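Please find one structure pasted underneath; my questions will follow.
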Amino acid sequence: MNAIFNQVDNSIYSNAMTFLRLPMPVDPLSAQADIAVLGLPFDLATTGRSGARMGPTAIRQASINLAWEGKRFPWKFNLLKETKIIDAGDLVYSTGDANEFTQKVEAAATQLLSSGKTVLSLGGDHFVTLPLLRAHHQKFGKMALIHFDAHTDTYNNGSAYDHGTMFYHAPNEGLIDPQKSVQIGIRTAYHQSGHGFNVIDAPQANDMSVAQITSLIKEKVQNMPVYLTFDIDCLDPAFAPGTGTPVCGGLSTDKILKILRALTDINIIGMDVVEVAPAYDNSEITALAAATIAVELLHLWTIKNKHIE
């Protein structure tokens with residue numbers, strides 16, 4: 001082995017091309033892995049500030065700050081020793097072709113799921129969740145949704161490609177059950193007729209205890225397969241300024257991490273972290289928050305599926 005070109009790099013500034021410095025195989029479908037991290041660099045459905053297409057790269061770069069730790073606080077196990085994870089790279093599509101992108105997301109996720117892997121997707125604007133839900137529905141049937149966001153994204157007045165309409169279309173397509181789903185952090189108008197979702201709005205979430213929030217989530221989703229989607233604007237702009245539609249009055253990073261860590265017995269079958277727009281970020285704090293949340297989701301999946309006490 002060459003002593004110069006085969007060294008482990010524990011720095012936070014060099015060779016930082018993949019999520020958590022994970023391997024990026026040429027063919028992720030044939031690679032032996034439990035989880036594939038898939039980048040979705042897309043922001044053609046954005047209604048506010050664009051730039052989320054750069055999100056996957058920013059999240060990967062920030063994740064290098066988390067790669068050296070091994071057994072990550074406060075978890076009692078080493079994630080990468082318990083779970084085989086690969087970086088599947090970014091989805092390639094014809095720039096500007098939202099229809100092709102939508103079809104390719106569903107196809108890519110379907111193939112990864114068919115190969116026996118769970119998919120953690122990095123957006124991209126939140127529209128990417130709709131084709132991801134379509135792919136997961138093919139394997140798991142109707143799902144519960146745990147949705148962290150400032151917005152309900154249940155609006156019915158957008159175009160075919162709009163990051164505010166996914167959870168209007170998803171129930172209508174039979175992909176998710178709103179009555180078994182929970183939205184956390186909402187702080188924009190959401191009282192549409194027939195909305196159907198259980199909502200813990202941001203003022204409520206900030207006043208409730210973590211135990212109260214997680215108890216309600218578990219009560220609603222029960223034993224259903226759960227898709228967890230995290231829009232980074234669920235966090236207050238003080239903690240995540242680098243996003244397209246920031247809204248004051250959100251949750252803190254600390255509270256979000258405590259909520260996630262209490263969901264270890266939820267049957268998460270798919271997950272994404274979206275809406276990081278690094279052009280509006282300061283000192284990578286939004287990208288770091290997104291990378292940290294993604295790592296927490298990987299721990300949640302591992303403790304449930306690897307039966308870790």
Side-chain angles (χ1 to χ4, degrees), residues 36 38-48 50 52-53 55-56 88 90-91 93-94 96-113 118-184 186 188 190 192 194-197 224-234 243-245 268-277 297:
L38 177 64
L40 300 174
F42 176 85
D43 58 11
L44 294 174
T46 303
T47 55
S50 61
R53 69 182 63 188
D90 288 337
L91 186 74
Y93 64 100
S94 300
D97 193 332
N99 182 59
E100 179 189 309
F101 172 83
T102 305
Q103 294 176 359
K104 280 194 168 183
V105 172
E106 183 175 351
T110 297
Q111 291 179 42
L112 287 168
L113 292 169
T118 298
V119 181
L120 165 62
S121 300
L122 306 176
D125 72 45
H126 211 160
F127 173 78
V128 305
T129 302
L130 183 56
L132 288 168
L133 286 173
R134 289 168 178 159
H136 283 77
H137 179 263
Q138 293 178 43
K139 181 171 183 177
F140 297 101
K142 185 175 286 189
M143 299 162 285
L145 185 76
I146 298 178
H147 173 204
F148 293 87
D149 206 323
H151 314 83
T152 63
D153 296 336
T154 55
Y155 314 113
N156 62 4
N157 57 346
S159 68
Y161 309 103
D162 187 313
H163 70 163
T165 63
M166 304 81 61
F167 309 127
Y168 168 78
H169 294 297
N172 289 339
E173 294 180 23
L175 309 179
I176 59 175
D177 184 345
Q179 294 184 343
K180 298 291 186 181
S181 302
V182 185
Q183 298 180 316
I184 305 102
I186 306 302
T188 49
Y190 61 86
Q192 299 97 331
H195 178 274
F197 287 87
M224 288 191 71
V226 170
Y227 189 95
L228 193 152
T229 181
F230 199 103
D231 186 325
I232 204 66
D233 70 26
C234 180
T243 190
T245 49
I268 297 174
I269 49 80
M271 45 201 163
D272 64 52
V273 182
V274 299
E275 293 286 355
V276 172
L297 296 181

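Since we're looking at a predicted model, the values are computed, not measured.
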Is a side-chain donor or acceptor of S181 paired with a backbone partner of A144 at a separation under 3.5 angstrom?
-> no

Of D125, L40, T46, L44, the one forming a side-chain contact (heavy atoms from CB on, under 4.5 Å) with R53 is L44

Donor-acceptor contact present, side-chain D272 to main-chain S121, <3.5 Å | no

Could you state the interatomic distance from CE (M143) to OH (Y227), rounded to the nearest 0.5 Å?
-> 8.5 Å

Verify, without hydrogens or angle tests, whether T188 (side chain) and A150 (backbone) share a donor-acceptor contact under 3.5 angstrom.
-> yes

Between D233 and T245: side-chain donor-acceptor atoms closer than 3.5 Å = yes

One should read off an interatomic distance between M224 CE and F140 CZ, to the nearest 0.5 angstrom, of 12.5 Å

Just checking, any donor-acceptor pair under 3.5 angstrom between side chains of H151 and D153?
-> no

Using the ring of each side chain (for Trp, its six-membered ring), is F127 parallel, tilted or perpendicular to F42, with breaks at 30° and 60°?
-> tilted

Quick one: pull up NZ in K142 and NZ in K180 and give me the separation to the nearest 0.5 Å.
-> 11.0 Å

Any donor-acceptor N/O pair, Y93 side chain to P41 backbone, under 3.5 Å | yes

Would you call the rings of F167 and H126 parallel, tilted or perpendicular, where under 30° means parallel and over 60° means perpendicular?
-> perpendicular

If you measure from CG on D149 to CD1 on I232, what distance do you get to the nearest 0.5 Å?
-> 10.5 Å

Side-chain donor-acceptor pair present, T152, Q183, cut-off under 3.5 Å | no

Inter-residue atom distance L175.CG - L130.CG, 0.5 Å rounding | 7.0 Å

Take atom CD in Q179; do more than 12 heavy atoms of anything else shown fall under 6.0 Å from it?
-> no

H137 and E173: side-chain donor and acceptor closer than 3.5 Å?
-> no

